[in-house]
Structure formats: structure tokens, C-alpha cells
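Presented below is the structure to which this report refers.
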Amino acid sequence: MIADLHMHSTASDGVLAPAELMRQAAEAGVELVALTDHDTLEGLTEARAAALAAGIRWVSGVELSAQWQGHTLHVLGYGFDPAAPALLQALEEVRAGRWQRAQQIAERLAAKRMPGALEGAQEVQLAMGADADAPPARPHFADWLVREGHVSDRAEAFRKWLGAGKLGDIKQHWPALGEVVGQIRAADGMAVLAHPWQYGFTRSKLRRLLREFASAGGRGIEVVNGRQPPEQVAYLGKLSNEFGFLASCGSDFHHPGSPWMALGVMTAMPSDCEPVWADRLFNYT
Ligand code: AMP
Ligand code: ZN
Ligand code: FE
Ligand code: FE
């Protein structure tokens with residue numbers, strides 16, 4: 001089965017509207033799908049209808065930002081009730097925090113002689129088809145920095161200004177990891193740690209994270225993120241089994257036209273992993 005359980009729409013920092021994303025996922029042969037926008041459920045209603053119309057199995061999804069030991073982590077939530085009041089309330093707070101953070105990023109960039117970043121990032125975001133009330137995210141700032149000629153491409157924007165440890169890397173608004181896992185569980189969902197390799201942790205630190213994630217109620221890890229190198233996937237697969245986690249996989253698709261990020265395209269999951277869709281949460285639509 002082709003399962004793609006990690007992708008972004010215009011509800012956060014992707015470029016395809018939720019319905020169009022589902023149409024393209026179906027075209028790409030995806031059979032089980034989750035839309036996992038950053039810290040928002042805004043795209044789910046539209047995407048669900050389109051997924052069901054296209055005959056794809058659907059599970060509710062989200063990618064929540066969390067902080068743990070001074071790092072920003074991403075936690076995927078699956079199969080939760082998208083109308084759960086506590087979850088919606090928590091997301092509303094994060095959204096307000098994202099606006100504050102966007103303002104702070106803009107102030108810090110202005111102090112470095114790059115004024116107008118907030119308005120600029122919003123323009124970029126609107127041009128991508130996002131809702132006007134969605135807070136601009138770092139990729140929108142990155143594209144604005146490129147547009148203004150402050151950097152030559154997105155990668156440089158993150159390397160110099162927005163990436164880990166740089167001025168745009170503002171973490172204080174994210175809820176703690178345990179809190180985020182609790183929010184997903186309280187909405188009857190499953191919490192899965194997104195792209196564990198991407199945090200750049202040492203093996204012992206990653207193990208510490210997985211232990212804490214499990215004891216907080218985390219049920220799985222994303223063993224496959226897009227076209228991740230097979231040796232990384234093998235390592236994550238082993239860790240997943242060692243900790244008794246379920247294994248998730250997804251393209252982390254944001255936009256068409258990238259050779260390393262296409263809908264439904266990802267490294268194979270190790271055959272001895274127990275996939276998240278073995279859980280009964282994945283049998284509801
Ligand atoms: P935000 O949600 O505003 O923190 O932005 C996070 C998003 O920025 C991620 O989901 C990626 O799409 C993008 N991103 C983060 N780090 C990098 C990087 N080093 N290079 C390119 N894109 C990045
Ligand atoms: Zn994203
Ligand atoms: Fe992520
Ligand atoms: Fe993502």
C-alpha cells in the first residue's frame with residue numbers, strides 16, 4: 001500500500017490548496033493519506049472531502065511544533081477528533097504565538113538593516129494562495145529575503161538568518177513536548193515523532209528523546225521522511241522496534257517540481273516495522 005502521511009498545503013507553508021493536494025496525491029497513486037499542516041487544522045475539512053471523492057483512505061493529521069531541551073521538534077498527530085475543543089484552543093494559542101514570533105523575526109531582521117519583513121513575508125504567503133489570517137512561517141520569510149536580494153536562495157536564507165541557532169530561530173512560543181503529546185492524546189489521536197534524524201542529535205540524545213517521548217505517551221516515530229537515505233531509514237526502523245513504536249512514513253511534500261520531494265515518493269519502510277496504519281485509529285474516516 002502507498003501511504004503518504006506527511007504533507008503540507010496552503011493552510012501552512014505548502015503551495016497547493018488542500019483539495020488540489022489530494023487530487024495530486026490520488027494521481028500519484030497514494031492510497032492512504034494524512035494532511036499534516038504546521039500547527040493548524042484549517043485544511044482538513046476541504047482535504048478530507050477531496051480525498052474521499054478521489055477514493056483515498058483518509059486519517060486526520062497535523063504537524064505540531066514542540067520544544068524539548070532547547071530544540072524545536074515536530075510531532076505528527078493522527079486520527080484525532082478535529083473538533084476537539086482543547087486541541088482547537090491549544091492551536092489558537094500557538095497561532096497567536098506564531099504571529100508574535102513573525103513580528104519578532106521581522107524586528108530582528110529590521111535591526112540588521114532588512115526592514116519590512118513581516119509585510120513582505122505576508123505578500124509572499126498570499127501569493128502562494130494562503131489565507132490572510134494565517135501567520136507567515138519561516139519559509140515565507142526566506143522567500144522574501146531572496147526576493148529582496150538579501151540572500152541568493154532559500155538555503156542561504158536559512159543558513160544565515162532563519163535556521164537553527166540563527167536570529168529567526170525563535171522557540172519560546174512552542175509548548176513543551178509532553179504537553180503537545182498530551183494535546184493529541186486528549187483528542188483521541190496518536191502522537192508520532194516527525195523526522196527524528198533531522199534534529200542532528202547524537203545517538204544517545206536521540207535515545208533519550210525517544211524514551212521521554214514514549215513515557216509521555218508517544219506511540220510512534222516517522223521512520224521514513226521522503227527520499228531519506230536507506231541507511232538512516234534502517235537505523236530508525238531498528239530504533240522504532242527497540243522502543244516498541246509504530247512506524248510512520250510520508251513525503252513531507254510542500255511544492256511540486258522538486259525531484260527529492262514528490263507526493264507518494266519515499267524510501268521503503270523496513271519490512272519488520274509495524275506501520276501506524278495497523279492501529280485501529282486508521283480505520284475511521
Ligand atoms: P516554521 O514552521 O515557521 O518554524 O518553519 C519550518 C519550516 O521551514 C520547515 O517545515 C521547513 O519547511 C522549513 N525549513 C526549516 N529549516 C530549513 C532549512 N534549513 N532549509 C530550508 N527549509 C527549512
Ligand atoms: Zn513545512
Ligand atoms: Fe517537520
Ligand atoms: Fe513537514
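Just so we're clear, the structure is a prediction, and the values are computed from it rather than from any experiment. Counting convention: from 1, in listed order, for ligands and their atoms alike. Sequential numbering from 1 along the given sequence is applied to the chain's residues.
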Spell out the protein N/O/S atoms under 2.8 Å from the Zn ion (ligand 2) as residue plus atom name. Asp13 OD1, Asp13 OD2, His38 NE2, His254 NE2

OG/Ser9 to NE2/His254 distance, rounded to the nearest 0.5 angstrom? 10.0 Å

Point-to-point distance, once rounded to the nearest 0.5 Å, from CE of Met190 to OG of Ser248: 8.5 Å

Are the aromatic rings of Trp161 and His150 close, with centres under 6.0 Å apart? no

min-distance N/O/S atom, His74 vs the Fe ion (ligand 3), resolves to ND1

Under 4.0 Å from ligand 1, residues with heavy atoms, in chain and number order, are Asp13, His38, Arg98, Arg101, Ala137, Arg138, Pro139, Phe158, His254

So, Trp277 versus Tyr78, ring centres under 6.0 angstrom or not? no

Kindly indicate, with the supporting measurements, whether the criterion salt bridge (charged side-chain N to carboxylate O under 4.0 Å, His left out) is fulfilled by Arg98 and Asp39. CA-CA 9 Å; Arg98 276 187 171 273; Asp39 301 311; 2.8 Å; yes

Arg207 charged N/C atom sitting above Phe201 aromatic ring, 6.0 Å / 45°: no

Less than 4.0 Å between a side-chain N and a carboxylate O, is that true for Asp279 and Arg219? yes

I need the minimum non-hydrogen distance between Val30 and Ile56, along with the two atoms involved. O-CG2, 3.4 Å

Tell me, which N, O or S atom in Glu63 is closest to the Fe ion (ligand 3)? OE2

